[in-house]
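First listed ligand is number 1; within each ligand, the first listed atom is number 1. Please read all numbers here as calculations on a predicted model, not as lab measurements.
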Amino acid sequence: METMLYDYLTVNEEGRLVIGGVDVRDLAEEFGTPLYVLNEDRVRENCRKYTSAMAKYFREGSMPLYAGKALCFKGIYPVIDSEGLGADVVSPGEAFTALVAGFPAEKLFFHGTNKTDEDIAYGLESGIGYFVIDNMNELAALDREAGEKGIVQKALLRVTVGLDPHTLEAINTGKVDSQFGVPIETGQAEGFLKAALDAENIDVRGFHSHIGSQIMESDSFCDQVDILLGFAADMMEKYGFTAEYFNLGGGFGVRYTEADPLVDIDGNIREISEHLKAGCERTGFPEPKILMEPGRSIVADAGVTLYTAGGIKTVEGYRDYVTVDGGMTDNPRYALYKSEYTVLNASRADAPADFECTIAGRCCESGDRIAENIKIARPERGDLIAVLTTGAYNYAMSMNYNRVTRPAMVMISGGKARLVIRRQTFEDLISCEL
Ligand SMILES: *Cc1c(COP(=O)(O)O)cnc(C)c1O
């Protein structure tokens, strides 16, 4: 069938979508809708694309770090850990989640543009492996806190390389004018490194930069490597500091619709590695260990959201709306970025997708849409609607606007589904209210 983007999605004899061997009707009957469905087998496959390519092409000690911001909940961490990845956390809340799930603290990298003194203390006390220091203020605060605790904290310095990769403005973070990191171009990154080398309680191990998300090709990463190498070689000459690590930030893009390419992760990592090795030869800089922080490309295409259709509303002379029992509260990405998704009628997955409609959520908000003017098989009230590639930045960005409760999540492995996040109750909604 045309809309089949992944090999683990099939259609059974009754015409229903089957995810990782489980019929969507069984999922909906057992767990209700809306429901986040995460295919664990697929998550593991995605992890292995990075671990195997990075082991093959980069120096020993290189590794992928799972960017928890894409999908952070306890159940993901044992999977990530058993696949041999480290993890990056962008807040103490993410660190806490990873740690209570048993993830080793020394394999955590602690991000964040504004770590408070409490955040810093929490990170130090938890034994987090590396801080990714964002700025001079944080550097001073971390040095002081670490000193008080008698800790010498390993760290990377976040620098901005001044690149503008071809992605959405809202998810482009590598350009000079940005609130993330310290720019190389203005000379400030040099002062940042000098201060870090002078800080007694900080052990600087390298540089981090993140150029953006949903990047489909290696060329932007190669440009990033060039700028980092130029800077690192300069710093080696001036201060005798040899960066052990280059952390290249977020991973590759994913295929949300058929218009997006399928990214060859192995091939792209090989190209980055060839570029890096040539650059090291040219500049005389010793080959650094490489870290990457894929989030989206680990979990996105392992996720499917299942909704139940409320029905069709025809606005005569305009268009047809299909309403679902979720929407921007479980997937705010269309409202935020007009992000496109592949949608199908999972109850009639074998029928032609010839009904043009707009999928609307249940909030009192005209922007509450999942997709506009797309084609699916004409649904009836009660049909299951599936939105594909929702594993990243959906649950992570979900909210209780309009007091809509957050959906449950199941993880599928070896043809079996298990509940990993229970559905919120009305009591959960008022649980913090005194
Ligand atoms: C967002 C982000 C990531 C993850 O990006 P993906 O596109 O999900 O791979 C990694 N590192 C940093 C610093 C980020 O801000």
What do you reckon, does [X] have a nitrogen or oxygen under 3.5 Å from a nitrogen or oxygen of ligand 1?
X	value
G251	yes
G212	no
S297	no

Logged contact type for Y393 with ligand 1, heavy-atom cut-off 4.0 Å, is side chain
For [X], counting its heavy atoms only, list the atoms of ligand 1 lying under 4.0 Å from any of them.
X	value
P294	9 (O)
A67	3 (C), 4 (C), 10 (C)
S213	5 (O), 6 (P), 7 (O)
D88	10 (C), 11 (N)
R158	13 (C)
G295	6 (P), 8 (O), 9 (O)
G250	3 (C), 4 (C), 5 (O), 9 (O), 10 (C), 11 (N)

Are any of the side-chain nitrogens in [X] or [Y] under 4.0 Å away from the carboxylate oxygens of its partner?
X	Y	value
D203	K154	no
D301	R296	no
E83	R48	yes

So which heavy atom on A346 is nearest to which on L306, and how close?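 Heavy-atom minimum between the residues: CB-CD2, 4.5 Å.
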Can you pull the salt bridge (charged side-chain N to carboxylate O under 4.0 Å, His left out) pairs that have at least one residue in residues 240-252, sequence neighbours excluded?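 Listed once each, the pairs are R205-E244, E244-K289.
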Checking ring pair (Phe, Tyr, Trp, His ring centres under 6.0 Å) for the pair H111/H208: CA distance, chi angles, key distance, verdict? CA-CA 10 Å; H111 275 284; H208 171 283; 4.6 Å; yes
Going by the closest heavy atom to atom 14 (C) of ligand 1, which one wins out of E293, H208, K69?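 Residue with the shortest heavy-atom distance to the ligand atom: K69.
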Ring geometry between F246 and F285 (parallel below 30°, tilted from 30 to 60°, perpendicular above 60°):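 F285 and F246: parallel rings.
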Aromatic ring centroids of Y130 and Y245 under 6.0 Å?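 Distance test on ring centres: under 6.0 Å, yes.
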